[in-house]
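Down below is the structure, laid out as structure tokens.
We name chains A, B, ... by the order of the sequence lines, and we start the count at 1 in each one. Reckoned from all heavy atoms, side chains included, excluding hydrogens, waters and symmetry mates.
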2 protein chains.
Amino acid sequence: MEVNKQEKIQATALRLFVADGFHGTPTAKIASEAGVANGTLFYHYKTKEDLVVALYNKIKDEHAENLQAIINREDFITTKFKNVFLHSVNWALANPDKFYYIQQFNFSPHFAKVSHETLARHTRGYAGFIEEGIRKKLLKQQPVSLIVSMFNGHVYGIYQYLIASDADPTEKEKIINEAYYMLWDMMKYM
Amino acid sequence: MEVNKQEKIQATALRLFVADGFHGTPTAKIASEAGVANGTLFYHYKTKEDLVVALYNKIKDEHAENLQAIINREDFITTKFKNVFLHSVNWALANPDKFYYIQQFNFSPHFAKVSHETLARHTRGYAGFIEEGIRKKLLKQQPVSLIVSMFNGHVYGIYQYLIASDADPTEKEKIINEAYYMLWDMMKYM
DNA sequence: ATATTTATAGACTAATTAGTCTATATGGAG
DNA sequence: CTCCATATAGACTAATTAGTCTATAAATAT
């Protein structure tokens, strides 16, 4: 067994789900393109839905872990804030499939409960340093969840702009930086 | 014929698509719950995809028309800007199904081309007054499409926050207003 | 070495589903 | 009143698809 079949299945599923959507992708196609048999897929994931959810949680957890590492570093709060933003945007740009998949999942009514719970679970991890920023009057005196929502909205907005633009990498970095200062104009305590 | 069957089909399709997704909703179910026969649905819409796209464009056009009316009013640019934001958020809150459907569609790779073209078409309508705002140094000196993307991101963010919150209508209005001032802090020329 | 668990394969099935086809009905034009 | 186009109905079909079943193979434990 040279390749991990489970990982092959997940990678193939991600690619196909992003191309054709959950329902638009037959399990047989995932299996065949992943180079495994139908039975293997259903051995590892009891149902198709299981696979969809497992893939979502894997991507979200992976991303949340990275953010947590940034937050845990011994930096000044505003530095953390900036780094979390930069990492989020750069991660989305470097992993468009994953970012796309996450959005697709978040807007699938059928999975609303899962995505809501996952978001809530991860937000608890970020809450601490945002609360500190509010307390120290660096951030506007608003609820943590409002700040998180606006933050996510901003990442979403700048991502949409960047994928449609044909700016080269250096230029993109500059745009992301400017987007950060705009975000900060919005968030900072005055 | 007391009710317009086409409208009944669209309304039912919207409800079911939001509940179960495009692929998760059989045409037969749409027809039966709309109280029409299968043949009737396929008489009005040659394919299922036709229905999905027609519904999307109808909702988007309807919304864009409202925004255009606001933009065309003889108001100061900053007033227009605020009104467009307020209307967008309130429209989303008043029509969660439609807003949800739009997002779902926007993140369906299969329809990427359609949604991209529709966005571009509508953006041309908004461009004029944003350009004026930039020229008059009311808005930051950034590309129109960046401003539109961030604007949309902000609407998206505040919507996500508000549907998860249990604030009463009066309180929600207050939150939306604060969200507007935050948006303005971000967008205004300094 | 043997037994047991884990992993893989692929044929098969029962159910579902988009779209077709033919038959009516309804309403307006001449 | 008679045509003809538009609208509606619903049975039917060909294709697709999630999940099952049985058989092995590989790895691990005893």
Please determine whether a side-chain nitrogen of the Lys or Arg among B:Glu131 and B:Arg135 lies less than 4.0 Å from a carboxylate oxygen of the Asp or Glu. no
Any N/O pairs under 3.5 Å between the protein and nucleotides 15-19 of chain C? List them or say none.
from: C:dA18; atom 1: OP1; to: B:Lys48; atom 2: NZ; distance (Å): 2.9
from: C:dA18; atom 1: OP2; to: B:Thr27; atom 2: N; distance (Å): 2.7
from: C:dA18; atom 1: OP2; to: B:Thr27; atom 2: OG1; distance (Å): 2.7
from: C:dG19; atom 1: OP2; to: B:Lys48; atom 2: N; distance (Å): 2.9

For the helix from C:dA1-D:dT30 to C:dG30-D:dC1, what is the angle between the axes at its two ends, each from 5 pairs, rounded to 10°? 10°
Rounded to whole angstrom units, what separation is found between the CD atom of B:Gln6 and the C1' atom of D:dT6? 12 Å
Quick one: is C:dT8 close enough that its OP1 or OP2 comes under 4.0 Å of any side-chain N or O from A:Tyr43? no
Near B:Glu65 CD, under 6.0 Å, is it more than 12 heavy atoms from other residues, nucleotides or ligands? no
With B:His154, the ring-ring contact (aromatic ring centres under 6.0 Å, His included) member among B:Phe85, B:Tyr181, B:Trp184: B:Phe85
Distance flag, aromatic centroids of B:Phe81 and B:Phe151, threshold under 6.0 Å: yes
So that I can tick it off, tell me whether A:Glu178 and B:Lys140 are bridged by a salt bridge, with the cut-off set at under 4.0 angstrom between side-chain N and carboxylate O. no
Hey, is A:Arg121 close enough to A:Asp61 for a salt bridge, meaning N to O under 4.0 Å? yes
B:Leu41 CG - D:dA9 C1' separation (whole Å): 13 Å
Can a salt bridge be assigned to the pair A:Glu33 and A:Arg15 using a cut-off of 4.0 Å between side-chain N and carboxylate O? yes
Using only heavy-atom distances, determine whether the side chains of B:Asn106 and B:Tyr56 contain a donor-acceptor pair under 3.5 Å. yes
